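By convention here, the first residue in the shown sequence is residue 1. Counting starts at 1 for both ligands and their atoms, in listed order. Computed from a prediction, not measured in an experiment: that's the story for all the values here.
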Amino acid sequence: MMTLNNQASDPPPTCTRCERLAIFRKKNQELYPDFFNAPVPSFGDMSGRFLIVGLAPGLKGANRTGRPFTGDYAGDLLYETLERFGFSNGKYDVRVDDGLKLQDCLITNAVRCLPPENKPKGEEIRQCRPYLIDLLAAMPNLKVVLALGRVAHESFISSLDLKRSAYPFGHGARYSVRDDLTFFDSYHCSRYNTNTRRLTPQMFYDVFSQIRRLLDTPERMQN
Ligand code: URA
């Protein structure tokens, strides 16, 4: 099986930090022997300025293919939007060998293993946070982080040791979290959110458009 970044900031394939998730992984390895069935590594450009934090792999999406959002319904809008705003090169397909490259951008998940019913427990989010902290430290040019949904939002805020109450989650929220780092929120591009139109493609594009503008503005001209 082709693997992706596999940096030190990725969990080992046999990670046992969360007992429930390790047991669930073993069960899925038996049920779906052809699936990736391991913590899904981050995908993209470690020297990029833009980091996207999702929730967790989906059973027949990222947990099957081994690449964040790849094969997940949520990936259709996400990868289309990345292309639209110039953060990718090549065509997204539901395969890790589609040749797609991210430009100036990296995608990770707050929880790297598949959680039952797509719902990680608080303790599992906490157990996985060291990988997010390591990833943030390993991206030397990072300028913008986008959280997809509340779980990603809260995990990122905690990874910087910031007070959650000072940074409430909200679609379109934008915070300066460090001199050199701007943090954006979007509703997660999940099937539920897009089908109910809690998140429309235009709402998603509007967030990316702000991010593109920020990254394209020379630093000396930023506020
Ligand atoms: N697939 C992922 O990799 N992450 C998500 O947040 C949703 C689907």
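- With ring centers used as reference points, Phe183 lies under 6.0 Å from His153.
- Each of the following atoms of ligand 1 lies closer than 4.0 Å to a heavy atom of Ala62: 3 (O).
- Using a 4.0 Å cut-off between charged nitrogen and carboxylate oxygen, Glu83 and Lys91 count as a salt-bridge pair.
- Within the 4.0 Å heavy-atom cutoff, Arg67 does not count among the residues contacting ligand 1.
- Checked for salt-bridge contact, Arg67 and Asp98 meet the test: a charged N lies under 4.0 Å from a carboxylate O.
- Which parts of ligand 1 touch His188 is read off a 4.0 Å heavy-atom cut-off, strictly below it: atoms 5 (C), 6 (O), 7 (C).
- The closest heavy-atom contact to atom 7 (C) of ligand 1, among the options Ala56, Gly58, Ser190, Cys189, comes from Ala56.
- The distance from the CG atom of Leu215 to the CZ atom of Phe208 is 11.0 Å, given to the nearest 0.5 Å.
- The N/O atoms of Gly54, backbone and side chain alike, include none that comes under 3.5 Å of an N/O atom in ligand 1.
- The shortest contact between atom 1 (N) of ligand 1 and any protein heavy atom is with Asp72 OD2, 2.7 Å.
- No salt bridge links Lys27 with Glu30; every basic N to acidic carboxylate O contact stays at or beyond 4.0 Å.
- Residues Asp10 and Arg112 are paired through a salt bridge, judged by an N-O separation under 4.0 Å between the basic side chain and the carboxylate.
- The Leu55 neighbourhood of ligand 1 comprises atoms 5 (C), 6 (O), with distances under 4.0 Å to a heavy atom of that residue.
- Note: Ser42 OG to Asp134 CG = 10.5 Å, rounded to the nearest 0.5 Å.
- The distance criterion of under 3.5 Å between nitrogen or oxygen atoms is met by Phe69 with respect to ligand 1.
- Among protein heavy atoms, the minimum distance from atom 4 (N) of ligand 1 is reached at Asn109 OD1, 2.8 Å.
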